[in-house]
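The basis for the numbers below is simple: all heavy atoms, side chains too, and nothing from hydrogens, waters or symmetry mates. The structure displayed is predicted, hence computed values, not measured ones.
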Amino acid sequence: MIRLSSVALAALVIATPGLASAKERAINITPAAATARAEKLVDAMTLEEQLSLLKSKSGGSLLDLGVPLPPFIPAAMRTEKPKGAIGTAGFVAGIERLGFPALQLADASLGIADIGYLRPGDHATALPSTLSLAASFDPAMARAGGDIIGAEAFAKGINVQLAGGVNLAREPRNGRNFEYLGEDPLLAGTLVAEQIAGIQAHNVASTIKHFAANSQESGRFVYDVEASDAALRESDLLAFEIGIKRGKPASVMCAYNRVRGKYACESDYLLKDVLRGDWNYQGWVMSDWGAVMSLKPSIDAGLDQQSPQDEDYFGRIPAAIEKGEITRGEVRQMALRIVRSMIAVGALDNIARPGGAIDQAGHAARAQAMAEAGMVLLKNDGLLPIAATAKTIAVIGRHADKGVLAGGGSSQVIPYGGVYRDAPEGTHALLALMAPSYGLSSPLRALQAALPNATIVFDDGADPARAAAVAAKADMAFVFAVKPEMEGIDSADLSLPYGQDAMIAAVAAANPRTGVVLETGNPVTMPWLGKVGAVLAAWFPGQRGGEAIAAILSGASAPSGRLPLTFPASTAQLPHPQEVGYDPAKQRALGIGVKYDPFTIDYKEGSDIGYRWFERTGAKPLFPFGYGLTYTSFGYDGLQQAAGRALTVTARITNTGKRAGTEVAQLYVAPPGRTHRLAGWAKVSLKPGETREVTITADPWLLLSYDEKAGQWTRPAGDYRFFVGKSAGEPELTGIARLTAATESKRR
């Protein structure tokens, strides 16, 4: 019988560690009270003190590495660490006489991040990639992840977390997709809201980012997105709208790119019309690092805070005041939004100070439970779970003996226990920090511990012939395939690097009982799929990723994840078969020192991202959005519906197999003349033979479409096709619902 591993069970059943203490610290303050208190505080500030809040400095210094710095390092990262800074991405000095604390702004969404130079030697719980979190389809998991981030941030003295990444995966070659929550706006917006709420429960402000249409890394400083209002509002902006209205983030971080001709941080459309206008957002807007391109246009649009960069636009505000270009009232309002947001999350009443206690063991257990919940079983011809009779198992693959791959860039967390960096000897210390990193949770050692009666042998897979020979002598073989992803770098295609596709094919030819474990931050193509017995998408699995993988493979834990983005069969199926602006000669770590000529990305797919594009074109993906196998099977019947002003469906789900398992029943709805969109889901765990009735109410936001001519959201009366299924490509129960008309000019 399949059961949760003891670690996962403890993490899920016991009340979330740290959450009670967060509630004890919570500040119950109304928006009106927060505003009144902020006004009093800001009005007590001098103009210079108000101005000091509007610009952050780098909170750490590359000088701490103690090595010569390459010439492409910007000046902002060559300065000494400011007094009072603890080593984070950004720092704003406090105003001691008024009791306003310094702002310590830290990356990111996967834990308390540091590549290794801001706080040398400082470790934190490395959560699975945010894409793995999305694969769990579990808001409670997102809240638990935010709780870990918030608790550790507060304990480390950090009061602003640069989390909340929710850019939709329009481009599956984007090197930063692992930080985000997939291709669907409802799934992404729902989970990011819970993550933000979990962080802010610890009196730590959270951002939501990168606002907006920041869909690739290639040319991220110069590209211009061309898209209609409806296309954006029904997709990218919808994910932000859901996340902001439900999660109430203290800050929005605007992006590098341009949207319809204007940089995101000076876009009247994004910041004034949508964010502060239609959505009535009351928090503060900060720029991404280096994203400010002007002074007055940025302030006029609604930017409140310039983040670290060499070009000091906000340092020119005093001169602009003298010239009458900017008023003191505008400066006051910008400072007010920052102060009010910090008051609202309780950061002034419970001040974060370094040296707090962290439950490392408890957080690691929860990180493992999250990793197990996010792993997606893509194929299984009876190879899994590993039979108790297996005597010899070959583990093959790059660094599977050392650890599990992590995503790179500003979101990277140095896990408790440290990392192995895949860099050649003699690599410059700074460049070594940017090399692919593996958290020291070895799948090989974890499998040896999980299967003590089996002989497990290892080969690194560098020589396909040697790996095949090792596999041929074993009862079964598991290839651990990796594809590093990092901020600043996109992939040319969806293939595996390092010749791994050929190596997998060779191993599978030598041993038909071969499984593949994918450690990736994006979809990959699988030319060897028909030759292997099992495929498990483990993503970047975090602090105890090796143990989580072993739990799934051994059967101590049952797979329950579902794909949060479509796996194309080839790049030819994508709206852009070749990534727009991709230049292999310019793919350098973080994009530092790389210059791109401006170019335009046409979002010709509109709001039909991912699975909706595949429905629109009729193309068959390798694996559809929402797909995932279990160690059992499920049947659907008994469809009922209630429609009119809303849509609610009820269905019976039966575990028709011999093992316990978890099903994610998904509701997709198509407004008249439109593609189907995910409108809700129900996650249910069933024992063998057990039947349970589930009810799913379509999220009302997903029943509306944006009417550009009228400038409002509408739900035309008519027939709405829908289905309940196992994925976007597996309808089990179908129906048509008759809905009445509705309009909504603004959604507050």
### Task
For the residue pair S441 and R544, confirm or rule out a side-chain donor-acceptor distance under 3.5 Å.
no

### Note: K402-D422 ion pair, threshold 4.0 Å (strictly below)
no

#### Entry: Within 6.0 Å of CD in Q578, more than 12 heavy atoms from elsewhere
no

### Task
Check whether any side-chain heavy atom of S56 sits under 4.5 Å from a side-chain heavy atom of P308, and report yes or no.
yes

### Message
Are the side chains of L553 and L384 in contact, using a 4.5 Å heavy-atom criterion?
### Response
yes

### Task
Check the side chains of Q161 and T207 for a donor-acceptor pair under 3.5 angstrom, ignoring hydrogens and angles.
no

#### Entry: Nearest-0.5 Å distance, CG of residue D493 to OH of residue Y582
8.0 Å

### Task
To the nearest 0.5 Å, tell me how far L494 CG sits from L574 CG.
6.5 Å

### Y256 and F221 aromatic ring geometry - parallel, tilted or perpendicular at 30°/60° bounds
tilted

### Query
Under 4.5 Å between any side-chain heavy atoms of L131 and L181, yes or no?
no

### Query
Is a side-chain donor-acceptor pair under 3.5 Å present for S410 with E487?
yes

### Task
Using a 4.5 Å cut-off on heavy atoms from C-beta on, say whether the side chain of L162 contacts that of M286.
yes

### Task
Find out whether S287 and M253 are in side-chain contact, i.e. whether some heavy atom of one side chain is under 4.5 Å from a heavy atom of the other.
no

### Message
What I want to check is whether the side chains of E179 and S109 have a donor and an acceptor closer together than 3.5 Å.
### Response
no

### Task
Could you grab the distance from atom CG of N174 to atom CG of L168, nearest 0.5 Å is fine?
11.5 Å

#### Entry: Point-to-point distance, once rounded to the nearest 0.5 Å, from CD of Q195 to OG of S206
6.5 Å

#### Entry: Heavy-atom neighbours of K379 NZ exceed 12 at 6.0 Å
yes

### Task
Assess the side chains of E171 and H576: does a donor N or O sit below 3.5 Å from an acceptor N or O?
no

### Message
Would R398 pass as a cation-pi partner of Y498, given that its NZ or CZ must be under 6.0 Å from the six-membered ring centre and within 45 degrees of the axis?
### Response
yes

### Query
Hey, are E485 and T520 close enough side-chain-wise for a donor-acceptor pair under 3.5 Å?
no

### Task
Start with the C-alpha gap between R220 and D288, add the side-chain angles, then the distance that decides, and say whether salt bridge (Lys or Arg N to Asp or Glu O under 4.0 Å) holds.
CA-CA 11 Å; R220 63 181 180 168; D288 204 342; 5.6 Å; no

### Task
Over all heavy atoms of both residues, which pair between V507 and A477 is shortest? Give the atoms and the distance, please.
CG1-CB, 4.1 Å

### Query
Should L496 and I504 count as side-chain neighbours, where that means a heavy-atom distance under 4.5 Å?
yes

### Message
Is it true that T125 and Q360 share a donor-acceptor pair across their side chains at a distance under 3.5 Å?
### Response
no

### Task
Please check if the distance between the ring centroids of H399 and Y420 is under 6.0 Å.
yes

### Message
Do V292 and Q309 make a side-chain contact, defined as non-hydrogen atoms from C-beta onward lying under 4.5 Å apart?
### Response
yes

### Query
Do the non-hydrogen side-chain atoms of V516 and F478 ever get within less than 4.5 Å of each other?
no

### Message
Check this for me: does any side-chain nitrogen of one of D401 and R445 sit under 4.0 Å from a carboxylate oxygen of the other?
### Response
no

